[in-house]
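Input: a single structure, listed below in structure tokens.
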Amino acid sequence: MSVLLEVTAPTTAIEPRRAWRSFLRHRMGLVGAAMLVLAVIVAVAAPLLAPYDPYESVRVTILDIYQAPSSAHLLGTDDGGKDVLSSLIFGARVSLIVGFAAAAIALVIGGLVGIVAGYRGGWIGSLLMRITDFFLVIPDLALQIVLVAIIGPSLWTIIVVIGALGWTTTARLVRSQTLTVRERKFVMRARSIGAGDAHILRRHILPAVLPLMLANMVLVISLAILSESTLAFLGLGDPTVISWGQMLNFAFDRGAVSAGAWWALLPPGFAIVWVVLGTTLLGTALEDALNPRLKRHHLEASGTDVARDRDVPPLPVPTAGDTAPILRVRELSVEFDGPRGPLRAIDRVSFDLRRGETLGIVGESGCGKTTTILGLLRLLPPGGRVTTGSVWFDGEDLLGLDGGALRSFRWTRLSLVFQGAMNALNPVRSVGDQIAEAVRLHAPRTTKTEAARRAGELLERVGIPRRRAREYPHTYSGGMRQRAMIALALACDPDVIVADEPTTALDVMVQAQILELLGGIARDMGMGIILVTHDLGVVAQVCDRIVVMYGGAVAEENDAATLFRAPQHPYTQQLLLSFPDLAHPDRPLRGIPGAPPRLDAMPPGCRFAPRCPHAFERCRVERPPDYATDGGRAACFLLDPTEEAGA
Amino acid sequence: MTDGALLRVEGLVKAFPGSRSPIDWLRRRPASPVRAVDGISFELRSGEVVALVGESGCGKTTTGNLLMGLIPPSAGRVVLDGEEVGRLSGRGLQRLRRRVQMVFQDPYESLNPRMTVSDIVAEPLRVHRVVAAPGPELRARVERALTQAGLTPVDAYLHRFPFELSGGQRQRVVIAAALALDPVLLVADEPVSMLDVSIRAEILNLLSALAREQGIGVVMITHDLSTVAAYADRIAVMYLGRIVEHGPTREVLANPGHPYAQALLSVVPVPDPSVRRRPVILGGETPDPSRIPSGCRFHPRCPVAFDRCPIEDPPLFEVGAGHQAACLLVEEPARPGPVG
């Protein structure tokens, strides 16, 4: 399934606006923020809101103690005869001050440790991280109790103790983020410009780390408030100030339970839960929005990857025969869910593949080559589905298969080779093992030794010495991994191999080796091969037929020789002109100005019209149908015999 | 050619300390150093484009880093405008950084996603305190650099984030940032290998125009001979840390002297299926630079190696005017064809 990961590879970068939108999606985060803001308003406006001043000493009589809620005391009175509501309101101040101040301390310590450990690395980094680990494993509460008891319970002691013990998670988070950013190419580029550490830290590391620290801070605040309440409840709070924990402590110690004075117990408990819940909700939402590693895709799986229109009758089953194509793709369309309705990524693509034939699918990136392959293999990522067409494989409609039938089909009759072979090989199993497993999957009755022998043969077939079967993928070079992938694809003895950019990112010499290998396999083993690539040189070298795709549709199709000798579609012509040709090294290269159309901004007429040097009025309003060319077809009005422009 | 050389590289060597496996350690074998760059020399004049071509592991990227002064050489010299790069430190190095700029391979990764185009292009100016504070002067210089890199109208790009740009536009932003400091030398490490073929031409045209029109020297590092064929004035083919062939582009393409260069040329895909060539596909891959073969370092993979090759390390022999190749067959052309 690594193919899906490649297609939807998330960008690790999250820029401000996107993060904000992502945050807004979290309703619970907004609720949390509202809860926290309310608590802050109450704390700030305490003198205005509280009906009494809880710090004022008043004469109390026995009758004032534990008065039930009344109009004079909305939440009743406590053990000292004071108004619970007023204490609750003023208590918010202490809880929030402790929370914010302790979190600030934790953040400064944790941030510094994390950045230094991540940026400097080396022995300093290791030392700092060992210290962090040490603090992480000692039980916070026990140490807090001991420290507060030794130093004496004052508000500042409590803040410092909580802050000084609560920085470990921040440090670890900041360190890992710093490490990641430090290795990014843009930091390397800044260094090559001549930027010093101060500049890199200020302009590149901090902006990437701060949002995470912000999210983390909110969570640290909730922990600090909880710690303060716990300490105060245990009688280690500052006796001169009123906090929620303190209120609970007094109420429990002084008979509120036996007096049945629930009003002295529930409100402070509720207030603690309110603030902690609010900060936790907010912090989780912020973390989700700002931490790139937790980012999820918000595409919903549509449940089915095939949703063909029932009104369109299925195309007739092609008659099977020796000369009949092994694979016939007819009118295949793929749609993705967009923010404003479905977007058509692939539009009525058709082509055939015969046994022993190599078919090239070429085009710029974003022209739908890979999506076509994923659509016909039923490997579309969530949110994508096939909406029209059929895929006949040896007389069977692939789009009609489901579940187990589809899986076994994919494994045994059709194999895939991707770009970036490292991702597709399991790093913790030897290469030979993985191939042997595939062999046994195809033929379950094969014995283990037989499968291992076959794996060795396959490796030799792709030019890897048999003895290296026992080695793990990481000991292989890039070219050898790609060979191993091909061996893996051959293990099931498939009828068709689909290779998606199999040589991109490989050196030219290794590329030549791999192409020769693929060509040899098609020739000797009579397999059909589909080669997806943006490299015209590669298709020229090994392909028999070529399909040129543009904007999700087939622009031109022909046998390789004709297509290169006499390209009919202006896109093919332009693509050829932009390709360097060592046979004519003096010919200046011409790029194609502009870029392929985006899915949500498809031109109404011919998709290539905006970049086409020959486009005329009709091209901008009408989609060109396929016109027959010498040996193939091309979708261009210039080929319409009734058009004068075509003459 | 020595006169007026902008960049002179003389006998440059970079050896990295090799790693020792536990077995090496048990056998008390010392770590063998990895000679990534093993004695290369070349020159570059202002306005000239030189391509360093070779497969991965040939030392071309290390050479680029040495030219940039990002790592110190183990031996040899890099002289820019009469000043030795490896000797510089502090202010001198800072001044060098202003005059030599790098264009990186991956335009998707080499731009900070949180910075706007104008911040990115202004960054080098601010790092070097050329223009200390934001203001009309900084803006003018940023706009000039964007214009030079072909990102016009500049207003359409100034406030965009990298993710809003296409690959080609991003690579232009990278180039604009490099141009902001008015460099005399650009080191472009695989500047187009991550881009679509249809976009490569624009970027290569831009780099060669900068060389031609503004007299900037360009060192292009690439594994793909075909992309530089139409743009480089000279080509230096590297193999295992050495330059094995060096000469004017046309000469090297038409008449390659070294079997490795011949093989490399023969496998470059030609977009014409009617051309039936006989590609010389070398077996295996570039060997580990910690175990450089004896004699000619190419002899284990060479299709025409003969008895002298495993013993003698060939120097660069003249093939034609300004065209050299490090192959004993150049010295001894009468040798019959392949031996082993």
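Here is the naming used below: chain letters follow the sequence lines, and residue numbers restart at 1 for every chain.
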Please state whether the side chain, the backbone, both or neither of B/A180 comes within less than 4.5 Å of a heavy atom of chain A. neither
Chain B contact via A/P596 - side chain, backbone, both or neither, heavy atoms under 4.5 Å: neither
If you measure from CD1 on B/I120 to CG on B/L111, what distance do you get to the nearest 0.5 Å? 4.5 Å
Where on B/N112 is there a heavy atom nearer than 4.5 Å to chain A: the side chain, the backbone, both, or neither? both
Can you say whether B/L264 sits under 4.5 Å from chain A via the side chain, the backbone, both, or neither, judging by heavy atoms? both
By a 4.5 Å heavy-atom criterion (distance strictly below it), what part of B/Y231 contacts chain A: side chain, backbone, both, or neither? side chain
Below 4.5 Å from any heavy atom of chain B, which atoms of A/R189 appear? Answer side chain, backbone, both or neither. both
Verify the distance criterion only: is there a donor paired with an acceptor across the side chains of A/H204 and B/E123 at less than 3.5 Å? yes
Among A/Q574, A/R191, A/M509, A/R565, the residue with the most heavy-atom pairs under 4.5 Å to chain B is A/M509
With B/R301 as the cation and B/Y260 as the aromatic partner, state whether NZ or CZ is under 6.0 Å from the six-membered ring centre and within 45° of the axis. no
Interchain contact, B/Q94 with chain A, by part (heavy-atom threshold 4.5 Å): side chain
Given side chains that start at C-beta, do those of B/F161 and B/P113 come closer than 4.5 Å, heavy atoms only? no
B/T62 versus B/N65, side-chain donor and acceptor atoms under 3.5 Å: no
When the 4.5 angstrom heavy-atom criterion is applied to A/A208 and chain B, the contacting part is both
Per-residue tally against chain B (heavy atom, under 4.5 Å) across A/M480, A/Q513, A/H534 peaks at A/Q513
Just checking, is any N or O donor in the side chain of B/D224 or B/S226 under 3.5 Å from an acceptor N or O on the other one? yes
Which residues pass the salt bridge (Lys or Arg N to Asp or Glu O under 4.0 Å) test with A/R607, not counting sequence neighbours? A/D347
Check whether any side-chain heavy atom of A/M549 lies under 4.5 Å from a side-chain heavy atom of A/V547, and answer yes or no. yes
Turns out that what part of B/H128 lies under 4.5 Å from chain A's heavy atoms comes down to side chain
Can you list the steps and then say if A/M188 with B/L70 is a side-chain contact (heavy atoms from CB on, under 4.5 Å)? CA-CA 10 Å; A/M188 261 178 61; B/L70 288 174; over 6 Å; no
Counterpart residues, side-chain contact (heavy atoms from CB on, under 4.5 Å), relative to B/R160 (two or more places apart): B/V117, B/E164, B/L165
Which of the residues B/S110, B/S56, B/A201 is involved in the greatest number of heavy-atom pairs with chain A at under 4.5 angstrom? B/S110
Under 4.5 Å, counting heavy-atom pairs only, tell me which of A/S192, A/G463, A/A190 racks up the most with chain B. A/S192
Best-contacting candidate, A/P593, A/A595, A/A561, A/P207, against chain B by heavy atom pairs under 4.5 angstrom: A/P207
Checking heavy atoms, do the side chain of B/M115, its backbone, both or neither come under 4.5 Å from chain A? side chain
